[in-house]
Number of protein chains: 4
Amino acid sequence: MDFVCYYLINHLIDRRESTYMLDDADKQGEKAYTTHGDERKRSLVLAAYQLIAERGFEELRTREVAKRAGVNIATLHYYFARKEDLIAEVVAYLLALFRSMGVEEGEMEDATPLEHLRLMFLSLQKSTQESPEMFVVLAELVLRSLRDHSIQSALLQMDDEWRKYLRWVIGMGIGQGEFRQGLDVEKTVDEIIVILKGATYHQIATRREVDFLGFLEDVKRILTSPE
Amino acid sequence: MDFVCYYLINHLIDRRESTYMLDDADKQGEKAYTTHGDERKRSLVLAAYQLIAERGFEELRTREVAKRAGVNIATLHYYFARKEDLIAEVVAYLLALFRSMGVEEGEMEDATPLEHLRLMFLSLQKSTQESPEMFVVLAELVLRSLRDHSIQSALLQMDDEWRKYLRWVIGMGIGQGEFRQGLDVEKTVDEIIVILKGATYHQIATRREVDFLGFLEDVKRILTSPE
Amino acid sequence: MDFVCYYLINHLIDRRESTYMLDDADKQGEKAYTTHGDERKRSLVLAAYQLIAERGFEELRTREVAKRAGVNIATLHYYFARKEDLIAEVVAYLLALFRSMGVEEGEMEDATPLEHLRLMFLSLQKSTQESPEMFVVLAELVLRSLRDHSIQSALLQMDDEWRKYLRWVIGMGIGQGEFRQGLDVEKTVDEIIVILKGATYHQIATRREVDFLGFLEDVKRILTSPE
Amino acid sequence: MDFVCYYLINHLIDRRESTYMLDDADKQGEKAYTTHGDERKRSLVLAAYQLIAERGFEELRTREVAKRAGVNIATLHYYFARKEDLIAEVVAYLLALFRSMGVEEGEMEDATPLEHLRLMFLSLQKSTQESPEMFVVLAELVLRSLRDHSIQSALLQMDDEWRKYLRWVIGMGIGQGEFRQGLDVEKTVDEIIVILKGATYHQIATRREVDFLGFLEDVKRILTSPE
DNA sequence: TATGAATGAGTTTTCATTCAT
DNA sequence: GATGAATGAAAACTCATTCAT
């Protein structure tokens, strides 16, 4: 459960089946498997996603979602019996968005551990600046997760995937001698995650640009300098 | 505007006039200047604060606030014409809470800069664990601040006070030779703030205990180790 | 219009043309003149009939009718433009059910009047116990008939047929000397009808078994004992 | 649970406490114990009662109830959180109406059993003709009771009170020699109830005037003539 | 014929706010 | 000051019906 996103390596995690195949995936030449109904659902979910980013859950109104998607309110309920069902799909959509930030299989096959980290920092910086709404919606979900178990477990799982990936990168770095021997892997994972969550949250909240690469330098020092 | 709290040194900042004189301050022997009406207001604000922590703004209902404060809904509106007025007072109350976390004037008169930082980390850790609702309400306010200018400026100001204090501590550390010469003060302030925001947010969101002192070690390394 | 059913002698009443040829009739060897559409209609009417018995008109939903009949809601409207049209057919179906309770032509050719009455009481008892839903739906229709003229006249006609039959039986009984001379036919018809309506309604409403034959004894006393 | 009403002798049954003190009772000189809120509630219940009689549960709309009572729909919900709560009060109101049909304590102190029965038949006849809506609403409730347990038990209780009273009257008649010895009390109670239910139901459904006193003659024959 | 999709008009219910006392 | 009562406006959700295919 968490504020900052998950960083994906395809071969490391099980991509759960999801309705949300993101644009890049869509472009991958598959035939049109999306029915008309799927399109409608997607446009409703997208509208809800945007409205949550703009107005928060507090002011999320089904009527507005329907209007933005260009359909009647009854049509919305044709696809999503309850408002909660729509929100659940927004959660799935957001998770897919974050997962799609990860690198594609084969893409970084011979990258060094540090290059992995560098990509992680850079891609988070890019998203934070170019798609801040992702993090706003995430923050909304984090607060909702305090009361909603299903959201809580979805976010926790995303966090776990992220940790798993970081553990793998750090372990590799230690094995290859790039990182210091005797590094406390679990502690280091925590440090990286806390820094990245802090950086994105700080940027979203203050709208000040945060220097992600500067933070990467600090992380490098932790990873390499002797105790 | 911000997630993590502000760390106060009384002589450094201008304490804005506020209805919220917290308990410690209250005890300071002033005569009972609080009228019956002030008590009522305070109990309403407290009830609202708790309900926001428990249910979020999304499910904050004036009737419930009134009920928890033990008064009629019309009485609530006697004191707070609009719901927003009540929320504004909750904001003021929360800021006062955070400000009260700071040290009292004279208390740390001859502390070293590192001792200042250490206290900051420890008191945030304590609050995060003992009064998590403070950070939950803060997170709710952060999201609201994206749409509400008055909240935004209140939070920004709190952030600024915090930065000012950190600048002062770091500057002092450099001057006294405790911290490395040539340290980029502004960058370091950012780093500390990002780490503390990340740490508190991570703890609230995942309910895992975060090791604040571990992070203090990282900060020390930044402050002392040569580039 | 009425609660209790009509007791039919085929040669006494004009069987109105109706889509509802009940099972016994169906078996009578006619070739399959029912088209596919008729089958669909019948299954929809049957589903509606059951749902009215189970949930009442208050909770009768066309979608549920369609679902139970295994067709799409649009298909239902293909056959029945309005919900009312479907209900009209349910009325026709129920009347056919009640009429089918009567004896077949020739079946009781040389039965005595008392035997006629006995059969009437017994067959109502049987139906009330084995097919209570018939009477539940009838009760629903009776209430609707207070606002719906077409239902009202259908029920009134059924009552009339019943009265006509009873008049015939009683007249025959007087003529043959089985019943007392000077019997007020119209009043006696009323008495029998009221008793049978009361008995079925009481049984449906309280779920207690009612002793129909006990009531037949009372009726016999009325029919035979001197004033 | 039942169609026809309950016949009350005050000293025989426990009058359950009820919000509904009917007009006669009201007139009994008590001081104005009804608050403003009680009046509002009563007027809403009355409006609902009338609308159920006119349109049935099927078409009962809270908005119409509110309009008829001359209040805003939100006011209705101020008094009755859910529609069902309003309906529950209508049930209580109707039961009170039926109970008020009974004779007052002391009124028939030295009446003979037959006079008791005669009054019962006459007062039911009067109500059926003058206040048919009572029986219409009762019929609506009977149907609802098939799905609603609380209504079911309320109606069953009313039936029980009625039976208890009839048992008492018949027992008294046998004891005084007015009715035949060896009469099966339980069976006779059933007969009277079935006849009265049948009579009222028949009258409501067909709008034909039913001769209650004629039925009383039949009952007398049952009560007095030898087997 | 049959249906998935869509919708207008309504339904109950909620909620911040107001008003008379 | 304080409150019980009242309300307008809106919320989520429903349902018979229609339409394009």
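Chain letters run A, B, ... following the sequence lines, proteins first, then strands; residues in each count from 1.
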Checklist line | Strand DNA chain F as a dot-bracket string - pairs counted if Watson-Crick or G-U with both distances under 3.5 Å, | where the partner lies in another strand | finding: .||||||||||||||||||||
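- When side chains are defined from C-beta on, D/Val45 counts as touching D/Phe80, because their heavy atoms get closer than 4.5 Å.
- Each of C/Glu84 and A/Glu84 lies near DNA chain F, and the nucleotide nearest A/Glu84 is the one positioned closer to the 5' end.
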Next item on the list: Take D/Arg147 and C/Glu140, measure what salt bridge (charged side-chain N to carboxylate O under 4.0 Å, His left out) needs, and give me the verdict at the end.
Entry: CA-CA 13 Å; D/Arg147 287 156 245 134; C/Glu140 290 278 350; 3.0 Å; yes
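- For B/Lys67, the NZ atom is loosely surrounded, since the number of other residues' heavy atoms within 6.0 Å does not exceed 12.
- Atom-to-atom distance recorded for C/Arg55:CZ and C/Gln50:CD is 13.5 Å, nearest 0.5 angstrom.
- Residue order along DNA chain E, read from the 5' end via each residue's closest nucleotide, puts C/Tyr79 first among C/Tyr79 and B/Lys83.
- Here F/dA16 presents its C1' atom at 8 Å from CZ of C/Arg82, a figure rounded to the nearest Å.
- The outermost nucleotides of DNA chain E lying under 4.0 Å from heavy atoms of chain B, listed 5' to 3', are E/dC15 to E/dC19.
- Using a 4.5 Å heavy-atom threshold, the side chains of A/Lys41 and A/Tyr78 count as separate.
- Side-chain contact of B/Gln152 with B/His149: a donor-acceptor pair under 3.5 Å is present, judged by distance alone.
- Residue C/Leu143 comes nearest to D/Val136 through the heavy atom pair CD2-O, 4.2 Å, listed as atom of the first residue, atom of the second, then distance.
- The minimum heavy-atom distance linking C/Ile52 with C/Val90 is given by the pair CD1-CG1, 3.9 Å.
- Contact annotation: the side chain of C/Leu44 never approaches that of C/Glu89 to less than 4.5 Å [non-hydrogen atoms, C-beta and beyond].
- In this structure, C/Arg40 fails the cation-pi test against C/Tyr79, since its NZ or CZ atom is not both closer than 6.0 Å to the six-membered ring centre and inside 45 degrees of the ring normal.
- For DNA chain E, the neighbouring residues in residues 57-78 of chain D, judged by any heavy atom under 4.0 Å, are D/Leu60, D/Arg61, D/Thr62, D/Arg63, D/Ile73, D/Ala74, D/His77.
- Taking atom CZ of residue D/Arg40 and atom C1' of nucleotide F/dT7, one finds them 11 Å apart after rounding to whole Å.
- For the pair A/Leu94/A/Val91, no side-chain contact is recorded, criterion being any heavy-atom separation below 4.5 Å from C-beta on.
- Atom C1' of nucleotide F/dT14 and atom CZ of C/Arg55 are separated by 16 Å, given to the nearest angstrom.
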